[in-house]
Amino acid sequence: MTGTAVEMRGIHKGFGGPPVLRGVDFTLRAGEVHALAGGNGAGKSTLMKILQGVHRPDAGVIKVGGREVSFSTTKDAEAAGVGMVFQEFSLVPTLSVARNIFLNHEPRRFGLIDDKAMVRRAGEILAGMGVDLDPKAEVQKLPTGYWQLTEIAKALALNATVLIMDEPTASLTKTESEALFALIERLKANGVSIVYISHRMEEIYRICDRITILRDGGVIFTEALADLTPEQIVEAIVGRRMEHALEWQERDAAPEPGAAPLLQVRNLTAANGVTDMSFSLRAGEILGLAGLMGSGRTELMRLLFGIDRPVSGEILLRGVPAGIDNPRAAINKGIALVPEDRRLQGLVLDHSVRENLLLPLLGGLTNRGVVNDKRGDGLAAGLIERLDIKLSSPKRPVRLLSGGNQQKVVIAKWLGREPNVLLLDEPTAGVDIGTKTEIIARIRELADAGMAVIVISSELAELLALSDRVLVLRRGTVTADLDRRDIAGEESLQLAIQGV
């Protein structure tokens, strides 16, 4: 198929500070999958939100299907056949999957919403995606990965001819990602043009035809993927060479196998799906959790942090029952959680960076209900420096930061409490390679200083780069406890996950 689906010329955009986009040119061909890459804050999401009608450009021309357009709302863009799967979820948690998929364009009969038709059509869309998901299920009761799949189905329900996917696999397992890639191939064959925003190099090479790289609001280049090496792409994104970024490094400070455990989990069982789970964790150790969606990884984190309660079994800290029955108790025992969804669970988006950083520390900063602002400013500045959070002012709303800097805020806010056990659920989801290597380096430093770390990552390369030991989970229980030195690579870990 030939022709141009989208043409954007000379796009400028600012939000009161330095320009976010500076004369950007971007062209999407009909029936192609075009990767849009760049570091956090490079302007990728802003450019696509302009195409989707969320923002209006300060200058520039946009054409869709050869016709010049000016979108004031997302409905204008949708009417022109442009749909977007946002990195930040736009679902209504209390509604069903089907209701979210057809929100504001529900099928009707005799003027009333036709629930039966809506569920049937939602089921057909999900089945076409290769997703086994009940259209009647309430979204808030589903794992985050299913939220992402619902977002994709929601965009497909609009019969978009141009589809923008912003980090669509950030919360998906390998199997679910494969189903998405197959779906993308089918859409491409049917003439749908796709802009694919991702930090995952293997995905870009797997499904994309061309790539445009942005840095500091400008285009570095647009090239065919076949003409580029991964090293050239990474160097263009970060502006410098990144060698050995995700290689495993055996840590000199890693604890000896015979060291006394800091955390012990014994025969833990809960209504959330964890079943007879047992393991131990030593101070200074990084323990990776590997498994498919529904294997019990996030559910275990919720139990350790006191969000959910076990029905049997116990959690011990330094050999003593921890008595964790709510998050406050977990925090007081020195346990901190960086959750899977930073925007929904980890941040108060309209509050400032400073306020978010100080939230876990307010108890020690207040006297008779009055916050010691001077001390708070000093603590916030120290945490910003420690994690190298890039921002114009600590008083800036955290929602205005790039995804990578938001993630650094979520991690930094707990470091002020100096936890003994740090729980990290997808700590680098949706961040660029430069920020990812920074976060991995900070995690290693924390473990070297004696902190016990448990990490979940759907990227096996990242999990293998970080972990001293890997627990494989399946159906809510531990099926393998592997020393990192005994894991040959991603393929052998994938086989362990699948029980082969």
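Every heavy atom of this structure was used, including side-chain atoms; hydrogens, water molecules and symmetry mates were not.
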Quick one: does any side-chain atom of Glu106 pair with a main-chain N or O of Asn104 as donor and acceptor, under 3.5 Å?
yes
Check: Arg251 side chain, Asp468 main-chain N or O, donor-acceptor pair, under 3.5 Å
no
Do Asp425 and Thr298 meet the criterion of a side-chain donor-acceptor pair at a distance under 3.5 Å?
yes
Quick check: does any side chain N or O of Lys413 sit under 3.5 Å from a backbone N or O of Pro360, one acting as donor and the other as acceptor?
no
Which heavy-atom pair separates Ile335 from Phe305 by the least distance, and what is that distance?
O-CE1, 3.5 Å
Within the 3.5 Å criterion, strictly below it, is a donor on Thr428 or Gln407 matched to an acceptor on the partner's side chain?
no
Sidechain-backbone polar pair: Thr74 side chain, Val54 backbone, donor-acceptor under 3.5 Å:
no
Stepwise salt bridge (charged side-chain N to carboxylate O under 4.0 Å, His left out) check, Arg121 with Glu124:
CA-CA 5 Å; Arg121 288 170 59 183; Glu124 291 169 353; 5.9 Å; no
Decide yes or no for Arg318 and Leu262: does some side-chain heavy atom of the first lie under 4.5 Å from some side-chain heavy atom of the second?
yes
Passes side-chain contact (heavy atoms from CB on, under 4.5 Å), Leu317 versus Leu263? Steps please.
CA-CA 5 Å; Leu317 288 169; Leu263 172 71; 3.8 Å; yes
Distance-only, no hydrogens or angles: does the Lys44 side chain make a donor-acceptor pair with backbone N or O of Gly39 under 3.5 Å?
yes
Thr479 side chain to Val472 backbone, donor-acceptor under 3.5 Å
yes
Can you list the steps and then say if Thr94 with Gln140 is a side chain to side chain donor-acceptor pair (under 3.5 Å)?
CA-CA 6 Å; Thr94 55; Gln140 66 182 352; 6.0 Å; no
Minimum-distance pair of heavy atoms, taken over all atoms of Trp147 and Leu344:
CH2-CD2, 3.8 Å
Can you check whether Ile454 reaches Leu304 side chain to side chain, under 4.5 Å on heavy atoms?
yes
More than 12 non-hydrogen atoms from neighbouring residues, nucleotides or ligands closer than 6.0 Å to CG on Asp132, yes or no?
no
If you count the non-hydrogen atoms of other residues, nucleotides and ligands that lie under 6.0 Å from CD in Glu418, is the total more than 12?
no
Ion pair check, Asp115 and Arg99, cut-off under 4.0 Å:
yes
Flag side-chain contact, heavy atom, 4.5 Å: Lys436 against Glu459
yes
Does the pair Asn332 and Arg417 meet the rule for a side-chain contact (heavy atoms from CB on, under 4.5 Å), with working shown?
CA-CA 9 Å; Asn332 290 337; Arg417 293 193 65 94; 3.9 Å; yes
One thing to verify: whether Lys390 and Asp388 come together as a salt bridge, which I'm taking to mean a side-chain N less than 4.0 angstrom from a carboxylate O.
yes
So, the side chain of Ser492 versus the backbone of Ile487: is there a donor-acceptor pair under 3.5 Å, distance only?
no
Quick check against the 3.5 Å criterion: does Asp308 have a side-chain atom that pairs as donor or acceptor with the backbone of Leu303?
no
Can you tell me how far apart CG (Leu391) and CD (Gln406) are? Round to the nearest 0.5 Å.
12.0 Å
Interatomic spacing from CZ in Arg484 to CG in Leu463 - rounded to 0.5 Å:
9.0 Å
Enter the distance from Leu126:CG to Leu149:CG here, rounded to the nearest 0.5 Å.
8.0 Å
List the steps, then state whether side-chain contact (heavy atoms from CB on, under 4.5 Å) holds for Leu466 with Leu424.
CA-CA 12 Å; Leu466 266 174; Leu424 299 165; over 6 Å; no
Heavy atoms of Val338 and Trp414 approach each other most closely as CG2-CD1, 4.1 Å
Ignoring hydrogens and angles, tell me if any N or O in the side chain of Gln345 forms a donor-acceptor pair with the backbone of Asp341 under 3.5 Å.
yes
Distance in Å, Asp114 CG paired with Phe102 CZ, rounded so as to fall on 0.5 Å steps
11.0 Å
Could you tell me whether Glu445 and Arg442 make a salt bridge, using a distance below 4.0 angstrom between a side-chain N and a carboxylate O?
yes
If you define the side chain from C-beta out and look only at heavy atoms, does anything of Val97 sit under 4.5 Å from Leu142?
yes
Which atom pair, heavy atoms only, marks the closest approach of Leu379 to Leu365?
CD1-CD2, 3.6 Å
Do you know which of Arg444, Arg469, Arg485 makes salt bridge (Lys or Arg N to Asp or Glu O under 4.0 Å) with Glu250?
Arg485
Answer whether the closest heavy-atom distance between the side chains of Leu95 and Val139 falls below 4.5 Å.
no
Is there a side-chain contact (heavy atoms from CB on, under 4.5 Å) between His105 and Lys154 once you walk through the steps?
CA-CA 10 Å; His105 59 103; Lys154 183 177 176 180; 5.6 Å; no
Any non-hydrogen side-chain atom of Leu292 less than 4.5 Å from a side-chain atom of Arg474?
no
Determine the minimum heavy-atom distance between His199 and Gly38, stating which atoms define it.
CE1-O, 3.3 Å
Contact summary for Ile204 and Ala35, nearest pair of heavy atoms:
CG2-CB, 3.8 Å
Salt-bridge contact Lys136-Asp134 (side-chain N to carboxylate O under 4.0 Å):
no
When you compare the side chain of Ile207 with that of Ile194, does any pair of heavy atoms fall below 4.5 Å?
no
Give, for atom CD1 of Ile324 and atom CZ of Arg309, the distance between the pair rounded to the nearest 0.5 Å.
12.0 Å
Check for a donor-acceptor pair, side chain of Asn356 on one end and backbone N or O of Val348 on the other, with a separation under 3.5 Å.
yes
Nearest 0.5 Å, what's the CG-CG distance between Asp377 and Leu357?
11.5 Å
Leu446 side chain reached by Leu415 side chain, heavy atoms, under 4.5 Å:
yes
